[in-house]
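To start, the structure itself, in structure tokens.
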Amino acid sequence: MSLIPKAAYSESMTPLGYSRRSIILVNSPELCREVLYDKDEIFPKNDLFVGALEPLIGDSIFVSSGETWRRQRRMVDTAFSHIRVTQAFDQMQAAVSATARRWQEDAATDSEFSLDVAMSHLTADVICRTTFTEELGNQSVQEVYDAFTTFEKSVASVNLGQLIFGKPWSPVKQPQKVLEACQTIRTIIGGFIDPRLANPENQPEDMAAAILRAKDTDTGESFTREELIDQLGVFFLAGHETSASVLIWVFYILSVRSDIADNIRQEVQRVCGDSAITYEHTKHMTYTRNVFKETLRLYPPITFIPRVANRRTTLGGKTIKKGAMVMVSPWTSQRNSGQWDNANVFDPDRFAQPTKDGNGVFMSFGLGPRVCVGAAYATTEAVLIIATLIRQFNIHCHNADTVRPVARLTTRPAEQLRCTVTQRTV
Ligand code: HEM
């Protein structure tokens with residue numbers, strides 16, 4: 001983050017660094033929209049990003065473009081309909097309850113744990129249960145999680161070298177261990193779907209089932225086996241790191257702002273009384289949702305949304321060369337004091353009226369046609385997790401004073417947050 005020039009927090013566009021190809025941060029809402037809506041198809045997903053993910057998720061929805069992407073998006077949308085998120089809720093709840101039980105033990109023994117690892121496990125568990133009706137404790141699911149961790153750790157550093165020295169559209173080389181991790185993940189996902197392909201009538205009603213049944217509206221065709229592995233790999237990749245990243249920041253903030261934690265507890269009490277939290281309840285927890293949204297504003301998991309100029313063009317009156325990396329930046333845009341009142345202050349109430357003056361454009365889920373397909377799912381999941389855990393626990397982060405954000409695959413604390421929890425009487 002320290003490489004970001006100060007000007008990026010006020011300028012509409014900022015060149016970054018001295019790499020072989022130019023890198024441009026796009027900060028103003030108007031230009032972010034222009035790049036992400038991309039009416040003339042000039043700014044596809046960035047080639048480095050696509051190349052780095054290819055061994056894992058092929059040419060799937062997260063990285064594809066043009067007609068391939070349009071077909072995939074229509075088919076994948078069905079897995080995230082309102083009704084599907086409602087169906088996924090019980091599985092989300094089972095995962096949160098498992099974490100609450102673990103925290104009860106930690107509270108009883110006063111054990112310190114890494115908040116980063118806890119959130120990563122929890123959101124991976126949610127994805128596994130809602131996608132495959134499998135919990136993270138199962139051995140093969142644990143293997144997928146471990147292989148993803150290997151993949152995520154190396155993918156950011158591989159990109160950095162190529163980012164500085166590489167020519168546009170040159171092949172992205174991955175170390176052998178990353179390729180092996182990708183193969184492990186693909187083999188296990190294949191193992192989950194094969195029995196379903198053999199017997200499609202007899203499978204649980206989860207997100208994998210929705211993707212298996214999805215049909216191209218033009219041709220009536222379903223996804224092939226390889227395409228299914230690609231798309232389901234995306235759910236894991238796009239859905240667990242992002243949610244884990246923002247939840248780490250939420251609990252860090254709640255550990256230092258007991259007033260906000262208390263407001264959440266009051267809302268939970270008002271909406272749910274003493275009963276368990278239901279899907280309907282989460283719809284009425286507007287304050288908790290605004291805490292989540294305000295955390296996403298200040299700590300967007302996707303720090304920069306990467307694109308590439310596929311031809312020479314202009315943006316904001318400036319010439320952009322073919323091959324330039326165009327990075328739409330929620331991080332700088334959502335901290336811009338020209339766009340947001342008290343931009344650096346954590347104030348969930350700024351979202352109490354959605355169109356309030358002094359609120360800039362919220363883009364943590366992206367903008368335009370490629371906006372996050374899992375936004376409603378992620379919001380329901382986060383509200384449930386925050387409400388459940390804050391209702392039952394006080395959280396203490398022991399290194400909260402020295403926390404520093406870094407942009408890895410997602411926006412993370414540079415050092416893991418070490419926490420203990422104490423149990424509250426509900
Ligand atoms: C807080 C959590 C999340 C955040 C902040 C987030 C953020 C984003 C962003 C910024 C994009 C746009 C990327 C771009 O334009 O290049 C995106 C796309 C996407 N996200 Fe999410 N995401 C989250 C959770 C999820 C979840 C839970 C899933 C699925 C289980 C998911 C699946 C996807 C997919 C499939 C795309 C690609 C959509 C397309 O290109 O058509 N995301 N996400």
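Note that ligands are numbered from 1 as they come in the structure, with each ligand's atoms numbered from 1 the same way.
Aromatic rings of Phe62 and Phe49 (six-membered ring for Trp) have centroids within the 6.0 Å cut-off, being under it. For Phe235 and His240, the ring centers are positioned 6.0 Å apart or more.
Ligand 1 has Arg307 within reach: a non-hydrogen atom of the residue lies less than 4.0 Å from it. Ligand 1 has at least one atom lying under 4.0 Å from a heavy atom of Ile127. Within the 4.0 Å heavy-atom shell around ligand 1 one does not find Phe49.
Between the side chains of Glu381 and Ser243, a donor-acceptor pair is found at a separation under 3.5 Å. For the residue pair Asp59/Ser64, the side-chain donor-acceptor check at 3.5 Å is not satisfied. A side-chain donor-acceptor contact under 3.5 Å links Thr410 and Glu241. A donor and an acceptor atom, one from each side chain of Thr131 and Asp206, are nowhere located under 3.5 Å apart.
Proximity annotation for atom 6 (C) of ligand 1: of Phe365, Phe236, Tyr377, Tyr299, Phe365 comes nearest, heavy atoms only.
Only the side chain of Lys45 comes within 4.0 Å of ligand 1, judged by heavy-atom distances. Contacts of Arg370 with ligand 1, taken as heavy-atom pairs under 4.0 Å, involve both backbone and side chain. Under 4.0 Å from ligand 1, heavy atoms of Ile61 appear from its side chain as well as its backbone.
When each atom of ligand 1 is checked for a heavy atom of Ser364 under 4.0 Å away, the hits are 5 (C), 7 (C), 10 (C). Within ligand 1, the atoms closer than 4.0 Å to a non-hydrogen atom of Phe62 are 18 (C), 19 (C), 34 (C), 36 (C), 37 (C), numbered from 1 in the order shown. Shown in contact with Ser243 at under 4.0 Å from a heavy atom are these atoms of ligand 1, numbered in order with element: 2 (C). Near Pro301, the atoms of ligand 1 lying under 4.0 angstrom from a non-hydrogen atom of the residue are 5 (C).
Geometrically, ligand 1 and Glu381 share no nitrogen or oxygen pair separated by less than 3.5 Å.
Looking at Thr278 and His281, their side chains come closer than 4.5 Å, going by heavy atoms from C-beta outward.
Looking only at protein heavy atoms, the nearest one to atom 20 (N) of ligand 1 is Cys372 SG, 3.3 Å.
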